[in-house]
Amino acid sequence: MEQTKSLNFIEEKIKADLAAGKFGGAIHTRFPPEPNGYLHIGHAKAICLNFGIAKANGGVCNLRFDDTNPTKEETKYVDAIKQDVKWLGFNWGDKEYYTSDYFETLYGYAVKLIEKGLAYVDHQTPEQIAEQKGTPTRPGENSPFRNRTIEENLELFAKMRNGDFEEGVCILRAKIDMENDNMLLRDPLIYRIKKVTHHRTGDDWCIYPIYDFAHGQSDSIEGITHSLCSLEFEVHRPLYNWFIENLEIFPSEQTEFARLNLSYTILSKRKLLELVEGNHVTGWDDPRMPTLSGLRRRGYSPESILALCEEIGVLKRNGLTDLSLLEHHLKTHLNKVAERRMAVLNPLKVTITNYPEGKSELLDAVNNPENELAGKRQVPFSREIYIEQDDFMEDAPRKFYRLSQGREVRLRYAYYITCNEIIKDTEGNITELLCTYDPETKGGQSPDGRKVKATMHWVSVNDSIDADVRLYDRLFSSETPDKTEEGGHFTDNLNPKSVEIISAKLEPELKTAIIGATYQFERLGYFCKDQDSSSSNLVFNRTVALRDSWAKKK
RNA sequence: UGGUCUAUGGUGUAACUGGCAACACGUCUGUUUUUGGUACAGAAGAGUCUAGGUUCGAGCCCUAGUAGACCAACCA
């Protein structure tokens, strides 16, 4: 008997709706990004939810661009969003939807509201309107233009559309209740004048609907049954329903859930834009960004993001998800699929004094111990190699069982070596190690069965290739970058050491890596070839480091 | 001096009202290992925000309090 997975509250609701025969048994969702920025991992949660629910119930999920504010929206964002949704593995059929496709219908809805005496043109300044709105604890007051006649309103609204008024001169408002506890019901603004070119409709319009007058209606037009959005829209729901009822259109239903919060991360498009424009990062796809394009470039797999979304579930409670949870899913996935390679980040030269000069040999190395099908490759070995500086200690404590003078270790897939002599420069820095190898231990095992405690990675000096490796760390040093000292700014919490670029030595096989390919550099972490690479200059991003229990012991 | 929503180990989630509150991450111990990775075995860690109430019985229901989030953009 398989244990049935517990349903989240939205799945429960859908199950109940289905059982009640609501919407004729149809399930239709939508993912409605505004094309004013790039998608981030918080959006991934909404994407998984909406596309996932539709799929699980034999329904459809529309991809809809909520483009009602031409001053912020651009086609380049539309393209980036489509690419990211696709990357996560979802598709939306052969067409995408745009709120801007409904401008004419929306205009008609506004006219209908006016005709029903439920909307009016207000000729006050934005300041006056704001003042009259009151506060959460103080009721608002009626506008002096609230009682204009239907005819007058109709004529004025037509003039608005016609471009007869300048921006800010007047605005269309729904006539609801200026004293309502819910501020959104205090005669909300629904159509404003913006003499701005729209990324899709060009100069066809100079008036644009505001979110509340566009979103629910768009849902309704598309026959969306379950409109899922984040918690901050909870207070909008009465208004969402008010429009649908008074317009007498298809009754889409809004349900809210908590958005994702990730530690050491900021998930606000506005703030992400600020990081980009303030050059705190190199762009929306900077590998330190929580954007899907940034994560992709960093080397994250869609599988790991999907796994996180699956695990965090869908609740009405907002919390703070630990970044390590995402990293855990990443490592789990990459461990299974990433091929292994050897790379030395901080090289220390080792000369094997008893290895013939000029000799070189190819040694077999396993590509992925987790997957036999990944096969083997050959790694060149020679008299001079590089090892990791951290793998040698002159005065080694008991717990340190890597290389030290007089100690023997195994070079992975190669030989056992013993360190005999340390060479230093005039300042006392170790510049080279002189070692001897045991020819009997080729491949990494000794015929006499003698044990060595450590196995180390290495790279042949003459065969190695150079690469810039970007060692990324978290972008913010605070778990909650938004929390700042009073008068502070979230950028104050930026981690000054979020990236360190070093030059590393890689095994030659890595020459053939393609951009975007992720490897495990043995004993170090997962690394992904960056798009900045050229034929003369390789660049790798550290996606995430391997667990390092030695570092903890220290 | 308003309204709406929420409250389970450090974190993320479970628990048909009824057997000592379960799982994952993280932490700590061991075992295996040609990655101090992985895998495996085990441990510590909450008594479910507080106070009342309903009930034979409450993490689940009710009331109040407390704490947090959201609401006063011609943003979405």
Side-chain angles (χ1 to χ4, degrees), chain A residues 5-6 8 32-34 36 66-69 71-73 99 122 125-126 129-140 167-173 180-184 186 189-194 207-208 210-212 214-215 229-238 256 258 260-261 263 269-270 308 311-329 331-332 335-336 340 342 365-366 369-370 399-402 409-414 416 441 443-445 452-457 479 520-525 545-553:
Chain A
K5 186 186 156 289
S6 58
N8 65 49
E34 181 188 11
N36 67 341
D66 210 351
D67 53 353
T68 58
N69 184 359
T71 54
K72 291 184 176 173
E73 296 146 5
T99 302
D122 195 335
T125 63
I129 291 175
E131 172 58 26
Q132 271 170 6
K133 202 142 208 165
T135 68
T137 56
R138 195 190 84 228
E167 286 184 22
V169 168
C170 56
I171 191 157
L172 187 70
R173 293 230 251 172
N180 202 292
D181 282 330
N182 185 339
M183 303 261 321
L184 285 156
R186 323 244 264 227
L189 281 20
I190 61 179
Y191 248 104
R192 78 294 216 190
I193 299 168
K194 262 186 196 292
I207 56 171
Y208 295 93
I210 272 167
Y211 171 82
D212 287 301
H215 201 96
C229 63
S230 49
L231 244 30
E232 66 263 35
F233 291 100
E234 221 153 18
V235 286
H236 290 247
R237 188 167 5 111
E256 312 83 12
L260 168 69
N261 294 307
S263 61
K269 270 202 263 182
R270 209 203 81 229
L308 178 81
E311 174 161 19
I312 58 173
V314 182
L315 289 303
K316 282 184 97 81
R317 173 210 325 166
N318 34 17
L320 182 63
T321 296
D322 207 316
L323 224 206
S324 64
L325 207 57
L326 208 212
E327 292 181 340
H328 161 255
H329 288 295
K331 290 186 214 175
T332 302
N335 177 52
K336 285 276 178 275
R340 318 283 129 126
M342 290 199 283
V366 171
E370 303 288 324
K399 293 271 201 179
F400 182 89
Y401 51 72
R402 271 110 97 149
V409 299
R410 169 167 43 229
L411 293 177
R412 177 143 237 221
Y413 301 127
Y416 288 9
T441 58
Q445 54 230 315
V452 286
K453 195 80 170 117
T455 300
M456 297 171 11
H457 60 277
E479 200 174 36
Q520 183 195 100
F521 288 177
E522 294 216 34
R523 305 207 303 138
L524 299 172
L546 244 32
R547 182 161 161 228
D548 185 352
S549 41
W550 163 243
K552 274 178 198 159
K553 278 195 189 114

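Every chain is numbered from 1, with letters handed out A, B, ... down the list of sequences. All values below come from the heavy atoms of this structure, side chains included, with hydrogens, waters and symmetry mates left out.
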Item checked: Protein-to-nucleotide contact annotation, 5' to 3' order, nucleotides 41-48 of chain B [B base; S sugar-phosphate only; - none; under 4.0 Å, heavy atom] -> --------

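- For A:Ser549, there are no side-chain hydrogen bond (donor to acceptor under 3.5 Å, both in side chains) partners at least two apart in sequence or on another chain.
- With sequence neighbours left out, the side-chain contact (heavy atoms from CB on, under 4.5 Å) criterion links A:Thr332 to A:His328.
- Remark: A:Glu256 engages A:Arg237, A:Lys316 in a salt bridge (charged side-chain N to carboxylate O under 4.0 Å, His left out) (not counting sequence neighbours).
- The same atom, P, is picked in B:G45 and in B:A22; the two are 13 Å apart, to the nearest Å.
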Checklist line | nucleotides 58-75 of chain B: protein proximity per nucleotide (B base, S sugar-phosphate only, - neither; heavy atom, under 4.0 Å) | finding: -----------SSSB-BS

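- Nearest nucleotide to the side chain of A:Glu370, out of B:U35, B:A76, B:U38: B:U38.
- Residues meeting the ring-ring contact (aromatic ring centres under 6.0 Å, His included) test with A:His329, sequence neighbours left out: none.
- Remark: A:Val235 pairs with A:Asn182, A:Leu184 by the side-chain contact (heavy atoms from CB on, under 4.5 Å) rule, at least two apart or across chains.
- For the pair A:His329 and A:Trp550, nearest-nucleotide mapping onto RNA chain B gives the more 5' position to A:His329.
- When Watson-Crick and G-U wobble pairs are counted only if both distances are under 3.5 Å, B:U63 pairs with B:A51.
- Using N1 to N3 plus N6-O4 or O6-N4 for Watson-Crick, or N1-O2 and O6-N3 for G-U wobble, each under 3.5 Å, B:C23 pairs with B:G12.
- Partners of A:Arg547 by side-chain contact (heavy atoms from CB on, under 4.5 Å), not counting sequence neighbours, listed by chain and number: A:Lys552.
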Distances for protein N or O near nucleotides 27-32 of chain B N or O, under 3.5 Å:
unit_1	atom_1	unit_2	atom_2	d
B:U27	OP1	A:Lys552	NZ	2.5

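- Comparing the C1' positions of B:C60 and B:C16 gives an interatomic distance of 11 Å, to the nearest angstrom.
- Residues satisfying the ring-ring contact (aromatic ring centres under 6.0 Å, His included) criterion with A:His215, sequence neighbours excluded, are A:Tyr211.
- A:Thr441 places no side-chain N or O within 3.5 Å of a backbone atom of A:Gly444 that could act as its donor or acceptor partner.
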Between protein and nucleotides 8-11 of chain B, what N or O pairs are separated by less than 3.5 Å?
unit_1	atom_1	unit_2	atom_2	d
B:U8	OP2	A:Arg317	NE	3.3
B:U8	OP2	A:Arg317	NH1	3.4
B:U11	O3'	A:Leu320	O	3.0
B:U11	O2'	A:Leu320	O	3.3
B:U11	O2'	A:Asp322	N	3.4

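- Residues satisfying the ring-ring contact (aromatic ring centres under 6.0 Å, His included) test with A:Tyr413, not counting sequence neighbours, are none.
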